[in-house]
Amino acid sequence: SNRRYLCERNEDDKFDMRAIWNEALLEDAVCKSYINMLADLASLAPAGLYEYYEAWPRPDIVESNSRPLLTSFYRNLTDSESQVTLFTSRDNRWVSMAESVFLDSDLQNSQVEYTALDVFSLCQEETNCSVVSMDDWVRSGFCQASRESYLKDKSFDIVRFFKDIFLPNIIKFEADQRDELMIYALKQDLPDLNEVLKEHACIPVTPAGLELCKPNRLVDPHSSLAVLYSAEDGRFPYGSDMYGHKNILKVLLKLDMATEDIDWEDVVERAQSISNVDCDEGRKRTTGLLSIVEQKLNQDTFDEKDLEETKSRLMETAFLPTMTKPATFPLYWKGEDMESETVFTPAELYPSEMWPLVSCVQPVVDEMVLPKNADKVKALLGLKTKKPTMETVLNQLDIISNPDTENYLQDRDIANELQRVCYEIYMYLQGLCLAYIPPETDEEDEEDESESLNEVEKFLHESLVAKFCILCH
């Protein structure tokens, strides 16, 4: 060596002790002195007064003869025994490499850098680690010193940051911080990150964005399911220009936001909600719900046990409206004196085709809320084969046969309607009688039949007894 330059290896040298000596000197004594100098400087200046790495050897400009110093410098900082505090934390403290954690380059250089660092720092307050910003050329120095794996262990990429830092603590942050990071994450649409987001209640929902919901509990506000919910139910993503934006909704669909189907538990829950909304909203919700039920029943992929449990619960849930009384029917109609919002359980209702037999004494379901091909839905609700008892029909007939009914017979349309209703009743009762009376009877059977008819007669007005007996025989 001389005063002009350090002796260094070149391609022609097979072995030069002077060059080897200089390399060893740079790697050991010079490096330690350099680190001690930086430590002394740090002790004299408050953290944050300057960027901690300003005086560090830069891999992009270092001379080739100083490479040993650069490599040794970055390796020394990652030495498990090194306690030198050359890093400045976000809360302006001098810390060692062992005490430091970092955002990876992509996240730190993103548009959410400062919010991510603030959130990261907040979550490290109760730990032994501090958040440190790191320029890319500093990272390059560690990589050139073969310390990539060490640096990777200390760095948080977007998936690790959301999984270990942000999502477990999401309720601690201000709404604007939360929303900035969540919108950014959703826009990235990364498969690994999406899988993490699925597991957490992290999407603000209507009406005010104060509650957080898991993605699979969300409902697409533009789907066929939307009619089942209102904003107050807390199932729609909040903010038309935020989580409700069309591009964000596309990502939320990948996170299992509901758009066409809900599970049986939600079917029951939605049915239970109908009694709490107004008449128009309730009818829309019932119609939409039964349409979804029809789709589910047609899929043939449901569990029979779940279906039976659902049926049992629906039968006890008031969510079905009653049929409106025909304009030509003049008598009392069961339910007409109740509030329009009044709904009934399936167990309380009869199919609409049975209204001539029961409408004065029992409520009848409004067919308008049922799907067009509603056989499976009716079967689920116990309406497909439901028929009234003789006593119920006789009670209906008793009301119709009241002498006051004659006051309505001056109107031809009303008279025709009542005639049709009576015909339906007589035919139904005749069918019941024929079902219980064998084709051939002996005297004892005839006596039993007579007793049965006597029981029937006590429900009828005198003017209709003869007609009924004729029909039954």
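The structure displayed is predicted, hence computed values, not measured ones.
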More than 12 heavy atoms of other residues, nucleotides or ligands under 6.0 Å from [atom1] of [X]: is that the case?
X: K152; atom1: NZ; answer: no
X: L44; atom1: CG; answer: yes
X: M37; atom1: CE; answer: yes
X: D40; atom1: CG; answer: yes
X: K325; atom1: NZ; answer: yes
X: Y332; atom1: OH; answer: yes
X: Q295; atom1: CD; answer: yes

Given the rule in the side chain to side chain contact (heavy atoms under 4.5 Å, CB included) test, do D366 and R283 qualify, once you have shown the distances and angles that lead to the verdict? CA-CA 10 Å; D366 186 350; R283 291 181 67 85; 2.6 Å; yes
Charged N to carboxylate O below 4.0 Å: is that the case for [X] and [Y]?
X: R270; Y: D233; result: yes
X: E367; Y: K378; result: yes
X: R217; Y: D266; result: yes
X: K305; Y: D303; result: no
X: E195; Y: K198; result: yes
X: R313; Y: E265; result: yes
X: R178; Y: E174; result: no

Are any side-chain N or O atoms of [X] and backbone N or O atoms of [Y], one a donor and one an acceptor, separated by less than 3.5 Å?
X: T342; Y: E339; answer: yes
X: S110; Y: L107; answer: yes
X: S312; Y: E309; answer: no
X: K154; Y: S100; answer: yes
X: T88; Y: N92; answer: no
X: Q396; Y: T392; answer: no
X: K296; Y: I262; answer: yes
X: T71; Y: R67; answer: yes
X: E260; Y: S224; answer: no
X: R75; Y: A145; answer: yes

Can [X] and [Y] be counted as having a side-chain donor-acceptor contact under 3.5 angstrom?
X: E99; Y: S96; result: yes
X: E63; Y: S66; result: no
X: S72; Y: N76; result: yes
X: S133; Y: R90; result: no
X: Y238; Y: D179; result: no
X: S273; Y: N276; result: no
X: Q144; Y: R139; result: no
X: S105; Y: D136; result: yes
X: S291; Y: E294; result: no

[Y] ring center within less than 6.0 Å of [X] ring center:
X: F73; Y: W56; answer: yes
X: F120; Y: F156; answer: yes
X: F236; Y: Y243; answer: no

For the residue pair Y52 and F87, categorise the inter-ring angle as parallel (less than 30°), tilted (30 to 60°) or perpendicular (more than 60°). tilted
Close side-chain approach of [X] to [Y], heavy-atom, < 4.5 Å:
X: Y350; Y: K387; value: no
X: D157; Y: D106; value: no
X: C360; Y: K334; value: no
X: T345; Y: F319; value: no
X: T322; Y: F344; value: yes

Check step by step if side chain to side chain donor-acceptor pair (under 3.5 Å) holds for S33 and N36. CA-CA 5 Å; S33 297; N36 288 336; 5.5 Å; no
What is the distance from atom OG of S230 to atom CZ of R285, rounded to the nearest 0.5 Å? 5.0 Å
Test side chain to side chain contact (heavy atoms under 4.5 Å, CB included) applied to L181 and T115, L167, L186, D176, the passing residue: T115
Could you tell me which non-hydrogen atom of F162 sits nearest to which non-hydrogen atom of A185, and how far apart they are? CZ-CB, 3.5 Å
